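Report on the structure given below.
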2 protein chains.
Amino acid sequence: MTDDGVGTGRSAPATLHDVAREANVSLATASRSLNGSTRRVNEEYRKRVLEAAARLDYSPNLSAQAVARGTTTTVALLVADIADPYFSSIAAGVVAEADTDRLIVTMAATERDPERELELVRTLRGQRPRVMILAGSRPATDPTEGALAEELRAYERSGGRVVLISRNELGLRTLLVDDRGGAEALARELVAIGYRRFAVITGAEGLRTAADRVDGFRDGLAATGGTLDDDVIRDAFTRDGGYSGMRALLERGLHGVELVFAANDVMAVGALSAIREAGLVPGTDVAVAGFDDIPTVRDVTPALTTVHVPLEELGRRALRLALGDGEAADEGAVQTEVVLRESTPRITR
Amino acid sequence: MTDDGVGTGRSAPATLHDVAREANVSLATASRSLNGSTRRVNEEYRKRVLEAAARLDYSPNLSAQAVARGTTTTVALLVADIADPYFSSIAAGVVAEADTDRLIVTMAATERDPERELELVRTLRGQRPRVMILAGSRPATDPTEGALAEELRAYERSGGRVVLISRNELGLRTLLVDDRGGAEALARELVAIGYRRFAVITGAEGLRTAADRVDGFRDGLAATGGTLDDDVIRDAFTRDGGYSGMRALLERGLHGVELVFAANDVMAVGALSAIREAGLVPGTDVAVAGFDDIPTVRDVTPALTTVHVPLEELGRRALRLALGDGEAADEGAVQTEVVLRESTPRITR
DNA sequence: CTGTTAGCGCTTTCAG
DNA sequence: CTGAAAGCGCTAACAG
């Protein structure tokens with residue numbers, strides 16, 4: 001069969017060359033009509049090209065454009081776990097913002113494995129993305145930390161821009177979230193409504209986000225007279241980690257703890273279930289607070305007190321920051337806001 | 001400054017050419033050492049090339065490879081809404097599976113807008129992805145339906161593979177989910193534990209997934225003696241849609257309805273909140289069941305009865321199917337499974 | 001405004 | 001086994 005791109009058989013996609021021939025113009029004219037910057041092409045020719053393109057079902061080869069132009073329209077996004085609402089909300093923001101700039105997002109998941117993260121960065125770099133956004137903190141004491149930073153720097157040196165969301169890697173652009181301040185404010189408000197004895201469930205030691213939140217919470221208590229003692233349980237920074245962390249806490253006895261602060265909402269939700277399973281009533285027998293304000297926490301019972309983080313906005317701002325939007329850079333840390341709900345009823349003593 | 005790729009200044013990324021020069025071998029040898037199929041390169045040379053590459057921090061330009069090879073390592077994924085747990089779970093599966101094949105995933109969100117979807121498919125096609133996966137049903141009666149199908153077919157004709165998850169587009173590969181059978185089984189089980197009077201909250205008319213579920217549910221009731229009457233409320237296929245749909249239902253009066261079946265879990269969760277807000281106790285005053293078994297439904301109260309869909313597995317299988325894994329193709333519709341939880345307690349009458 | 005042509009970075013014949 | 005050279009699809013000078 002002839003390779004005219006119309007038959008039912010399988011054929012290579014039409015190239016710009018094909019379009020030019022079909023329209024009886026030069027390659028350059030075809031290129032200019034289809035993609036060229038300012039329209040400095042005869043309307044007549046232009047029309048012919050557009051029609052030919054439509055007829056052949058032409059779709060510009062982005063890879064070829066990238067090679068020729070020396071620049072891509074790609075944004076790379078690296079998250080720990082796509083199914084986690086924290087990350088999927090951020091991803092939604094990145095994708096939405098990218099879309100307004102007609103950028104394409106490629107996404108990968110580290111599964112919280114630093115080695116994997118490093119390898120993914122290496123692969124993704126091959127795409128020559130304009131921007132690379134990494135979300136999700138890694139252990140502070142990770143052995144591959146240096147290698148990652150080096151890789152990222154090499155990428156920046158070659159013209160890329162990286163933005164880290166809420167984590168620190170020496171010398172790289174970071175979109176800061178006021179985790180610490182938010183946790184501190186939360187602690188204060190909780191003390192203000194009557195709580196005094198607290199326990200904390202958090203992620204592995206060294207996770208920056210988790211650590212900041214716990215530190216902030218501690219500060220807030222210290223300033224207002226709440227006590228945390230040494231009630232800090234560490235477990236996976238996931239729903240199941242929250243669940244098993246809470247179980248651990250219950251097993252060793254609450255000993256007067258009135259409120260459990262989980263360093264993120266998914267953990268808090270897991271904790272809620274553990275409490276309920278133990279035959280206690282969350283909010284009544286023991287209060288729970290989380291952090292992030294992921295969508296579902298309004299719908300659990302009792303609705304969860306938490307610290308609101310504008311997750312989707314985080315994704316949007318990260319991209320804007322990476323693209324060099326000065327404004328975004330100047331705004332400082334993203335502000336968080338305490339949201340008191342039923343999981344922490346006011347108590348009178 | 002010299003452009004040696006080592007200084008602190010900004011410099012273009014090292015090319016294969018640079019590596020070849022640095023290693024004192026030809027371009028071809030460098031290429032073969034770094035990426036070439038079977039190692040038919042002198043070990044000595046090979047080593048030199050690898051070292052040079054490391055020294056220059058070389059990262060192969062994927063776009064250039066794509067142009068030269070005429071094929072990419074890209075998978076395109078289109079979903080309605082990334083932040084929706086249904087889609088983010090599927091996406092997690094696609095990304096995980098892609099990773100094992102060293103494929104890169106690019107992701108876009110249609111925001112449930114058919115026009116947008118069409119445009120995205122057009123853009124994504126420019127990437128020449130090996131595979132395109134579309135999840136999330138579109139209205140059956142959409143005017144752009146034909147254009148989409150045509151676009152997709154053109155893509156397939158040019159060598160791409162498309163897989164639709166749980167939706168029908170004339171003549172395209174589809175990963176079927178047994179929505180209908182699952183809903184029917186659910187209906188039967190609900191009748192078996194005592195329910196008789198039902199209402200349904202579902203998405204917009206014409207959404208295939210939603211329609212199948214409602215039809216299946218109806219069939220199940222018909223076979224066992226439950227009644228649905230005309231209690232079918234339509235609203236957005238989202239959490240908020242479930243919430244407002246439930247409110248609508250409550251406002252016009254339950255009139256003896258014992259159980260509300262929401263066509264997906266996010267709607268069911270919204271419904272739960274609406275019920276509670278109305279001062280009723282879900283599960284006790286009115287039972288609720290959903291569909292999908294997204295992670296959070298174990299953690300709401302009461303835990304939600306639903307039909308389990310292996311969401312992440314769906315993503316994995318979609319990709320395998322697209323990549324032409326025969327096995328995946330032969331397995332038929334993905335099976336679903338009823339999961340009875342506390343939101344639908346057994347009732348005796 | 002239009003066409004010719006030299007690349008972009010990489011792969012892959014095709015000779016040595 | 002190695003290297004020279006011809007592309008891959010597209011863009012961007014550069015001449016007309």
Side-chain angles (χ1 to χ4, degrees), chain A residues 3 5 11-50 52-53 56-74 125-129 158-159, chain B residues 3 5 11-49 52-53 56-74 123 125-129 158-159:
Chain A
D3 204 29
S11 57
T15 69
L16 188 58
H17 193 117
D18 299 332
V19 175
R21 189 154 34 76
E22 171 91 4
N24 246 300
V25 299
S26 73
L27 238 194
T29 299
S31 173
R32 291 195 270 253
S33 310
L34 257 15
N35 322 302
S37 37
T38 30
R39 63 188 294 295
R40 48 211 223 256
V41 111
N42 183 317
E43 190 52 39
E44 156 76 10
Y45 279 13
R46 196 183 137 75
K47 224 185 95 200
R48 244 158 64 196
V49 172
L50 261 24
L56 299 183
D57 212 341
Y58 171 74
S59 160
N61 183 322
L62 262 28
S63 293
Q65 289 190 324
V67 173
R69 300 210 242 247
T71 151
T72 66
T73 56
T74 300
R125 193 142 89 82
Q127 294 223 38
R128 303 287 183 272
S158 66
Chain B
D3 204 29
S11 57
T15 69
L16 188 58
H17 193 116
D18 299 333
V19 175
R21 191 155 32 77
E22 171 90 3
N24 246 300
V25 299
S26 74
L27 238 193
T29 299
S31 172
R32 291 195 269 252
S33 310
L34 257 15
N35 324 301
S37 38
T38 29
R39 62 188 294 295
R40 48 209 222 254
V41 108
N42 182 318
E43 189 52 40
E44 157 73 10
Y45 279 13
R46 198 184 135 74
K47 226 185 93 200
R48 245 158 62 195
V49 172
L56 298 184
D57 210 342
Y58 172 72
S59 161
N61 184 322
L62 261 30
S63 293
Q65 289 191 323
V67 173
R69 300 211 242 247
T71 153
T72 65
T73 56
T74 300
T123 308
R125 192 142 90 82
Q127 294 225 37
R128 302 289 182 272
S158 66

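Side-chain atoms are counted along with the backbone in the values below, which use heavy atoms only and exclude waters and symmetry mates. Keep in mind it's a predicted model, so treat the numbers as computed, not measured. Note on naming: letters A, B, ... go to the chains in the order of the sequence lines (proteins, then strands), and numbering restarts at 1 for each one.
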| query | Shortest non-hydrogen contact from B/A14 to A/R128? | reply | O-NH2, 4.3 Å
| Heavy atoms, side chains only, cut-off 4.5 Å: are B/L34 and B/Y58 in contact? | yes
| task | Check for a donor-acceptor pair, side chain of B/T72 on one end and backbone N or O of B/A66 on the other, with a separation under 3.5 Å. | result | no
| query | Can you give one letter per nucleotide of nucleotides 6-16 of chain D, 5' to 3': B if a protein heavy atom sits under 4.0 Å from the base, S if only from the sugar-phosphate, - if neither? | reply | -BBBBSBB---
| field | A/R46 CZ - C/dC1 C1' separation (whole Å) | value | 14 Å
| said: Any carboxylate oxygen within less than 4.0 angstrom of a Lys/Arg side-chain nitrogen, looking at A/R48 and A/E44? | reply: yes
| Atom-pair distance (CG on B/N24; C1' on D/dC1), nearest Å | 17 Å
| Separation of atom CD in B/E43 from atom P in D/dC1, rounded to whole Å | 11 Å
| said: At less than 4.0 Å, is any side-chain N or O atom of A/S26 found next to OP1 or OP2 of C/dT4? Yes or no. | reply: no
| message | Please check: side-chain N/O of B/T29 versus main-chain N/O of B/V25, any donor-acceptor pairing under 3.5 Å? | response | no
| B/D18 vs B/R21 side-chain heavy atoms within contact, under 4.5 Å | yes
| query | What is the distance, rounded to the nearest whole Å, between atom CD of A/Q127 and atom P of C/dG9? | reply | 17 Å
| request: Find the distance A/K47:NZ to C/dT2:C1' and express it as a whole number of Å. | output: 19 Å
